[in-house]
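Because the structure is predicted, anything quoted here is derived from the model rather than measured. FYI, the numbering just counts along the sequence from 1.
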Amino acid sequence: MAMRTDKVIRCSSPAVSYGKVLAGLNIPESDVRKTQEILKEVPQLADLFLNPTVAQQKKTDVIGRVFPATMQNFMKTVCRHRRMDLLDEIFAAYDRCLDEKGRVIRAVLTCTDAPDEEQQKGMEAFLCGRYGADRALIEIRHDASLLGGFILRVGNDEYDWSMKGRLDRLTKALGG
């Protein structure tokens, strides 16, 4: 199960506040994802929303025509408060709120070969036990330079069981 990695978010930023509000609005997650998809597929929308020479009413009209009905008031509020430049961070904060609510931990596994199903379930069980989560989502990245093994990252924690890491630690221990 490959998922995206967490983005770094400042705890006191306005984006976190908006993300928490969005998570509390009980908008279907599918509508939030559709909004993200639209913004990604039509980058000209960001230009329109960030352009100070475009009238607020025109921006509001576009929001009303383009986004899911359940997201329109939220998007209009973000636009009216000139925070559209924070949408990526807002959505990341929203994801974090959903993760906390659902007790989900996210990790990045960097490896030379993808783990088999049993190995992945073992890592998920380790993460759930270690971090008190009900569910673990692991994004898998491939890196041949590790020479074998893997590196598992969760937030600021890193578990390095790669051959490259072991060789580096051995070299350091030998004074090299």
Checklist line | Summary of ring-ring contact (aromatic ring centres under 6.0 Å, His included) pairs that have at least one residue in residues 108-140, sequence neighbours excluded | finding: F126-Y159
Checklist line | Atom of Q72, atom of F67 and distance for their closest heavy-atom approach | finding: NE2-O, 2.9 Å
Next item on the list: Would you indicate whether the side-chain heavy atoms of V154 and L127 approach each other to under 4.5 Å?
Entry: yes
Check: For residues 37-47, which residue pairs qualify under side chain to side chain donor-acceptor pair (under 3.5 Å), counting only residues two or more places apart or in two chains?
Finding: none
Note to self: List the residues meeting side chain to side chain donor-acceptor pair (under 3.5 Å) with Q119, not counting sequence neighbours, and say none if there are none.
What the structure shows: none
Check: side chain to side chain donor-acceptor pair (under 3.5 Å) with D143: which residues, sequence neighbours excluded?
Finding: S145
N/O donor-acceptor pairs under 3.5 Å from side chains in residues 52-66, not counting sequence neighbours:
unit_1 : atom_1 : unit_2 : atom_2 : d
T53    : OG1    : N51    : OD1    : 2.6
T53    : OG1    : N51    : ND2    : 3.4
Q57    : NE2    : D61    : OD1    : 2.8
K59    : NZ     : F49    : O      : 3.1
K59    : NZ     : N51    : O      : 3.1
T60    : OG1    : Q56    : O      : 3.0

Next item on the list: Taking side chain to side chain donor-acceptor pair (under 3.5 Å) as the test, write out the residues that go with D168, two or more places apart.
Entry: K164
Check: Closest heavy-atom contact between C111 and I140?
Finding: SG-CG2, 3.9 Å
Next item on the list: Flag the pair M75 / V78 as yes when at least one side-chain heavy-atom distance between them is below 4.5 Å, and no otherwise.
Entry: no
Next item on the list: Just jot down the salt bridge (charged side-chain N to carboxylate O under 4.0 Å, His left out) partners of R130, sequence neighbours excluded, or say none.
Entry: none
Margin query: I'd like to know if the side chain of E139 and the backbone of L109 have a donor-acceptor N/O pair within less than 3.5 Å.
Written below: no
Next item on the list: Just grab all the salt bridge (Lys or Arg N to Asp or Glu O under 4.0 Å) pairs involving residues 109-118, residues at least two apart or on different chains.
Entry: E117-K121
Check: Does one hydrophobic cluster hold both L22 and L45, with members joined at side-chain heavy-atom distances below 4.5 Å?
Finding: yes
Next item on the list: Please name all residues satisfying side chain to side chain donor-acceptor pair (under 3.5 Å) with K34, sequence neighbours left out, ordered by chain then number.
Entry: none
Check: Which heavy atom of T112 sits nearest a heavy atom of L147, and at what distance?
Finding: CG2-N, 3.8 Å
Notebook entry, point to check: Partners of V104 by side-chain contact (heavy atoms from CB on, under 4.5 Å), sequence neighbours excluded?
Noted result: D99, R135, L137
Check: If you round to the nearest 0.5 Å, how far is NZ of K20 from OG of S17?
Finding: 6.5 Å
Check: Is there a donor-acceptor pair closer than 3.5 Å between any side-chain N or O of R103 and the backbone N or O of G132?
Finding: yes
Margin query: Restricting to non-hydrogen atoms, name the atom on T35 and the atom on M71 that form the minimum distance, rounded to 0.1 Å.
Written below: OG1-CG, 3.2 Å
Check: Can you pull the salt bridge (Lys or Arg N to Asp or Glu O under 4.0 Å) pairs that have at least one residue in residues 148-161, sequence neighbours excluded?
Finding: R153-E158, D160-R169
Item checked: I27 versus Y94, closest heavy-atom pair with distance -> O-OH, 4.4 Å
Next item on the list: Identify the heavy atoms of C128 and A136 that sit nearest to each other, and give their distance.
Entry: SG-N, 3.7 Å
